[in-house]
Every structure is written in structure tokens, then in C-alpha cells.
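Written below as C-alpha cells is the structure these notes are about.
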Amino acid sequence: MAHDCSFLRDLPLPDDRFSFGDSHRAGHAGDFGTLEAEEVEPDAVVWPESTEEVSTVLAAADERGVPVTPFAAGTGLEGNATPTRGGVSLDMTRMDSVLDVRPDDFQIDVEPGIFGKEVDETVAGDGLFFPPLPSSGDISTIGGMIANDASGMKTVKYGEVHDWVLELEAVLADGSVITAGSKAVKTSSGYNLKDLIVGCEGTLAVVTRATLELAGRPQQIRGGRAVFDSLSDAVDAISDAVRSGVDVAKIELVDETSATMANAYTGSSLPDVPMVFVEFHANHGIEDEIEFCRSVFEAHDVSQFEIAEGEEMSDLWQIRREMAFAVEAYDLDLSPLHLGDVTVPISRYPDMVRLVRQLADEHDLLIPCFGHAGDGNLHYTVLVDESDDEHVERAKEAQTEIVHTAIEWGGTCTGEHGIGRGKREYLELEHGAASIDAMRRIKRALDPNDTLNPGKMFPETVDGGRVGN
């Protein structure tokens with residue numbers, strides 16, 4: 001559905017803040033997780049450079065019934081930034097400044113368009129870092145991370161992005177500017193609007209400023225790789241290590257299928273067997289923690305356990321870092337049906353991995369498994385031949401069973417990618433009808449016209465309904 005966005009010309013915006021051009025619109029038709037056939041071009045693209053400009057655009061669009069879809073770096077995997085109802089794509093990447101650094105308070109104020117790695121680079125000289133930064137931090141923005149409540153490899157030790165957000169400035173659908181949270185490290189004042197905005201995927205508000213909490217860089221960092229002969233031994237070792245209290249900063253799984261793909265991509269001569277990648281952070285006594293982990297892994301028949309630091313540690317981690325690219329390049333005749341990221345309680349993690357392997361065998365599918373095992377997060381990619389309808393159907397059956405089982409076991413359909421368009425059908429199954437109705441009421445109260453990012457999150461949007469109606 002096309003929307004008349006000519007009103008942008010009448011707003012107090014410089015000409016370089018908006019465009020109706022074909023190339024700009026095409027560049028905002030989807031994100032990393034949007035198939036070409038599912039892309040939707042916006043009617044206009046706007047690049048605001050201040051909170052006032054965001055407010056001005058939203059107020060005008062809301063008054064005219066024009067949808068607005070926030071756009072960060074476009075690195076999402078669930079179609080979160082796809083403008084499914086057309087309208088305006090609100091590209092926040094020009095708001096990319098560091099506003100203030102307060103090292104004595106372990107805080108930094110930033111605009112939403114700044115890349116995650118730039119936050120770490122800014123505070124490195126003060127011996128600080130932003131702990132929850134995901135592995136995609138060099139290509140994704142803080143605003144996008146907040147919108148999806150992102151997390152990454154270090155979640156097992158440091159938690160998710162929401163654990164490190166103190167205060168937000170945000171603009172509501174009608175242009176109202178609010179402040180949520182506090183620069184104090186704790187507050188019990190009023191409703192917790194901050195955590196309502198974090199993870200809302202741009203359906204409730206657009207973040208224009210964030211105060212992030214920082215941590216001191218650990219004095220000791222060691223890491224490496226453990227090799228196992230069987231997948232069961234590897235996942236049991238991970239679960240046992242976490243439940244035993246091994247203080248790991250990262251603990252990552254790569255199954256044998258993923259290892260085969262990574263070896264082919266990197267040219268490594270490692271065996272095509274399951275591996276577990278670990279990293280330890282401490283200010284003292286790190287060797288004791290490494291030996292504790294080694295002893296747990298040895299109880300599960302680890303065949304190789306290598307630990308190093310610096311560049312040598314980086315070399316040991318190469319396969320895990322290249323995993324996403326390796327899967328994509330492995331077989332050009334196969335495409336990802338879905339990039340899964342279910343999360344289950346740690347005691348069920350071994351069962352989850354075994355289930356995916358069982359379904360791959362039963363349905364004759366290629367499903368590499370890897371991910372942030374320490375927090376129960378399993379990344380898997382169901383690869384299909386898109387020209388083979390029967391192959392695609394088998395893959396969909398397997399995908400559905402994986403997600404349903406994760407929810408049945410007390411887990412979630414998405415640990416960090418968000419709901420977007422891809423996981424809407426599972427939201428009610430996970431949370432229940434009453435909880436979804438409460439979410440709808442919040443959406444309608446803050447955005448009665450369904451202006452912000454329509455077509456996302458809610459089950460009814462699968463069939464084309466709009467939450468605000």
C-alpha cells in the first residue's frame with residue numbers, strides 16, 4: 001500500500017534529510033533476514049540528525065496515518081526493519097555521536113546510530129568496555145541492539161544488553177519525547193518504562209539517546225578450544241560446566257556439521273568433530289578457573305583442551321568467529337530456511353542439541369548447530385533447496401518442532417534475534433493469550449494508530465491485521 005509522504009517537504013527538515021529516490025528506497029526494503037521476495041520498499045527514507053527531527057517526523061506521520069519503520073544497520077535476522085506497510089523508513093544511522101563519557105561512574109551517553117565497537121574503542125583508554133556487546137558489534141548499532149535486546153557470546157557471564165542500559169531518551173509515535181530509567185545504578189521510581197522500550201523492536205518508541213553502564217576490562221583473559229569425539233560428550237560437558245559454577249565469560253558450541261563447514265571455509269585441518277570454545281576473564285586466579293573447567297571437561301572424555309592468550313587465543317577461536325560465513329558459503333545450492341536461535345534452561349541444552357540432530361536425520365536435512373551454549377542459546381540453520389517444495393516442507397516441519405519443543409521445555413522461540421516477522425506465530429504459544437492481550441493493550445495505549453513498525457511482533461499481523469485497529 002502506497003502512502004503519500006510528500007508532507008516531508010513541508011517539515012522544517014533540510015533537503016538531505018529525506019529521499020524518495022528508488023535506490024534509497026530499495027536499500028531500506030529489508031534486513032539480513034528478509035528474503036528478496038518478502039522485501040517491501042518504503043515510500044520515503046528519512047535520516048534524522050536530532051531528537052527534535054525524529055519527533056517532528058513521527059508527529060506528522062502519525063497525524064496522517066503514515067507508518068514509520070525504524071531502521072538501524074539492517075543487520076537483523078527476523079525482518080524487524082522491513083517496512084511491511086510502506087510509509088517512512090526512519091534511518092537512525094546519522095545520529096551516531098558519543099555525547100558524554102563518565103569513567104568515574106562507569107557510564108557513557110551515546111546516540112542510537114553508533115556502532116557497538118565504537119563504544120568499546122571510545123572507553124578503552126579508560127580501561128573500560130561494554131560487556132554485552134554481541135559478536136556482530138562491528139556492524140550493528142546500539143539502537144538496534146536495544147530494540148532487539150541483543151546479547152552475544154559473553155551473556156553467560158555478563159548478561160544481555162538490557163542489563164547494561166541505565167537510561168533512555170525515546171520518541172513515542174505521536175512525537176512525544178520521554179526519558180525512561182535513571183543514571184543511578186538502581187531506581188524503584190515509577191513504572192519501568194526503560195525495560196518496556198528495550199526489546200520492543202521499534203513498535204513502541206524510537207530511542208534517540210542511551211546511557212550505558214560499563215565495566216572494567218579484566219586484567220587476565222585466556223581462551224581456547226576443547227575437542228570431543230561425540231556431540232553428546234560436548235553438550236554434556238557444557239551443561240555440567242555451567243551448572244558446576246565454572247566462571248566462563250564465553251562457552252560456545254560447534255557441532256560436527258558446523259566444524260565440517262568451518263574447516264572447508266577457513267582451510268583448517270582440524271578434525272570434523274564437535275568442539276567447545278571457552279574464554280575466561282578475571283583479575284586474579286584465572287589459572288585455577290581454567291583447571292576447574294579442564295577437570296569438568298575431562299569427566300566427559302575431552303580429547304583435546306588448548307588454552308592460550310592474545311593472538312594465539314584468537315587463532316584457536318578462528319573457526320567459531322567464521323561460523324556464520326562458513327554456513328552461508330558451504331553449498332550454494334542450499335539456502336537458510338530460517339536462522340534459528342531458541343534458548344532453553346541449561347539443564348535441557350544437551351537434549352535440545354540432540355533433538356535437532358535427530359530431526360536432521362529423520363527429515364534428511366542439513367542443520368548445522370552452534371551458538372552461545374553457556375546461556376542455553378542454540379543457533380541452528382535449516383538449509384534447503386528452495387526449488388524443491390518437498391524439501392522445504394520437511395524443513396518447515398523440523399523448524400516447527402524445534403521451536404515448539406523449546407517452548408515446551410520452558411524456553412523461548414528467540415534468544416536474541418527478536419520476533420519481527422519471522423517468529424510472530426510463536427508468540428502466543430510462548431506467552432499465552434492473556435499475556436499477548438496485555439501486550440496489545442500497551443501497544444494501543446502508546447501507539448493507537450499502529451504507526452510504529454506495523455506488521456511486526458503480534459500474531460494477528462501474520463494475517464495482515466494491524467494492532468492499533
Side-chain angles (χ1 to χ4, degrees), residues 131-135 149-164 215 218 220-255 258 273-282 285-307 313 316-317 320 323 340-357 369-380 402 405-412 414-416:
L133 197 65
S135 53
D149 192 11
S151 57
M153 293 184 183
K154 297 189 289 292
T155 302
V156 63
K157 182 176 178 70
Y158 296 106
E160 299 175 85
V161 162
H162 77 258
D163 297 306
W164 297 83
Q220 298 175 315
I221 299 177
R222 307 278 192 280
R225 179 177 60 219
V227 178
F228 294 83
D229 293 328
S230 78
L231 185 58
S232 284
D233 285 340
V235 293
D236 287 340
I238 290 169
S239 180
D240 195 4
V242 174
R243 290 186 291 117
S244 298
V246 177
D247 187 12
V248 288
K250 301 178 185 178
I251 182 165
E252 299 278 317
L253 171 71
V254 169
D255 75 351
S258 302
V273 296
M275 299 179 219
V276 177
F277 294 79
V278 290
E279 187 171 298
F280 303 87
H281 294 180
I286 198 168
E287 296 301 334
D288 292 337
E289 210 61 46
I290 292 170
E291 289 309 307
F292 182 16
C293 184
R294 186 193 301 272
S295 68
V296 172
F297 280 15
E298 286 176 347
H300 296 279
D301 298 325
V302 65
S303 61
Q304 189 176 342
F305 188 86
E306 300 175 88
I307 298 293
M313 180 184 75
L316 291 174
W317 268 79
R320 177 61 189 94
M323 199 64 252
D341 74 316
V342 296
T343 304
V344 293
I346 191 63
S347 65
R348 300 310 301 260
Y349 190 78
D351 298 328
M352 193 76 247
V353 176
R354 293 183 186 108
L355 173 68
V356 175
R357 179 58 50 236
C369 291
F370 53 99
H372 316 319
D375 53 53
N377 189 195
L378 180 65
H379 291 304
Y380 60 91
I402 291 169
T405 303
I407 294 171
E408 179 186 334
W409 288 349
T412 176
T414 174
E416 56 188 38

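All residue numbers refer to positions in the sequence shown, counting from 1.
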Could you check if a side-chain atom of Val302 sits within less than 4.5 angstrom of a side-chain atom of Phe228, using non-hydrogen atoms only? yes

Looking at Gly415, is its backbone amide N or carbonyl O close enough to the side chain of Thr412 to form a donor-acceptor pair, meaning the two atoms are under 3.5 Å apart? no

Taking Ser239 for the side chain and Ile346 for the main chain, is one N or O donor matched with an acceptor at less than 3.5 Å? yes

Please enumerate all residues that pass salt bridge (charged side-chain N to carboxylate O under 4.0 Å, His left out) together with Glu252, with sequence neighbours excluded. Arg320

Residues which pass side-chain contact (heavy atoms from CB on, under 4.5 Å) with Asp375, listed by chain and number, not counting sequence neighbours: Thr155, His372, Asn377

Residues Gly223 and Leu316: closest non-hydrogen pair is O-CD1, 4.1 Å

Non-hydrogen atoms of Val356 and Cys369 that approach each other most closely: CG1-SG, 3.3 Å

Non-hydrogen side-chain atoms of Phe280 and Val246 separated by less than 4.5 Å: yes

For Ser295, all residues meeting side chain to side chain donor-acceptor pair (under 3.5 Å), sequence neighbours excluded: none

Are Val344 and Leu378 side-chain neighbours, meaning at least one heavy-atom pair lies under 4.5 Å? no

What I want to find out is whether Glu289 reaches Arg222 closely enough, with some N-O distance under 4.0 Å, to be called a salt bridge. no

Could you give all pairs that pass the ring pair (Phe, Tyr, Trp, His ring centres under 6.0 Å) test and reach residues 229-252, with sequence neighbours left out? none

Under a 4.5 Å cut-off applied to non-hydrogen side-chain atoms, are His379 and Glu416 in contact? yes

Tell me, please, which residues at least two apart from Pro132 pass side-chain contact (heavy atoms from CB on, under 4.5 Å). Phe130, Val161, Trp164

Assess the residue pair Asp301 and Asp229 against the criterion (side chain to side chain contact (heavy atoms under 4.5 Å, CB included)); give the C-alpha distance rounded to whole Å, side-chain angles, the decisive distance to 0.1 Å, and a yes or no. CA-CA 8 Å; Asp301 298 325; Asp229 293 328; over 6 Å; no

Ignoring hydrogens, what is the shortest heavy-atom contact between Ala249 and Val156? Give both atom names and the distance. O-CG1, 3.4 Å

My understanding is that only residues two or more places apart in sequence, or in another chain, count here; which of them pass side chain to side chain donor-acceptor pair (under 3.5 Å) with Glu306? Arg225, Gln304

When rounded to the nearest 0.5 Å, the distance separating NZ of Lys157 from CG of Asp247 is 3.5 Å

Kindly say whether Asp240 contributes a backbone atom to a donor-acceptor pair with the side chain of Ser244 at under 3.5 angstrom? yes

Looking at residues at least two apart in the chain, or sitting in another chain, which of them share a salt bridge (charged side-chain N to carboxylate O under 4.0 Å, His left out) with Glu160? none

Taking salt bridge (charged side-chain N to carboxylate O under 4.0 Å, His left out) as the test, write out the residues that go with Asp351, two or more places apart. Arg348, Arg354

Partner set under ring pair (Phe, Tyr, Trp, His ring centres under 6.0 Å) for Tyr349, not counting sequence neighbours: none

Could you measure the distance from the CE atom of Met275 to the OG atom of Ser258? Nearest 0.5 Å is fine. 9.5 Å

In Å, rounded to the nearest 0.5 Å, how long is the span from OG of Ser151 to CG of Asp163? 9.5 Å

Please list, chain by chain and in numerical order, all residues satisfying side chain to side chain donor-acceptor pair (under 3.5 Å) with Ser303, sequence neighbours excluded. none

Of all the heavy-atom pairs spanning Lys154 and Pro131, show the shortest one and how long it is. CE-O, 3.0 Å

Could you tell me which residues satisfy ring pair (Phe, Tyr, Trp, His ring centres under 6.0 Å) with Phe305, sequence neighbours excluded, listed by chain and number? Phe297

Hey, are the side chains of Met313 and Glu279 touching, using non-hydrogen atoms and a 4.5 Å cut-off? yes

By salt bridge (charged side-chain N to carboxylate O under 4.0 Å, His left out), which residues pair with Asp255, not counting sequence neighbours? Arg357

Return the minimal non-hydrogen interatomic distance between Leu355 and Ile402, and the atom names on each side. CD2-CA, 4.5 Å

Atom of Tyr380, atom of Asp341 and distance for their closest heavy-atom approach: CE2-N, 4.0 Å

Side chains of Trp317 and Met153, heavy atoms from C-beta outward: is any pair under 4.5 Å? yes

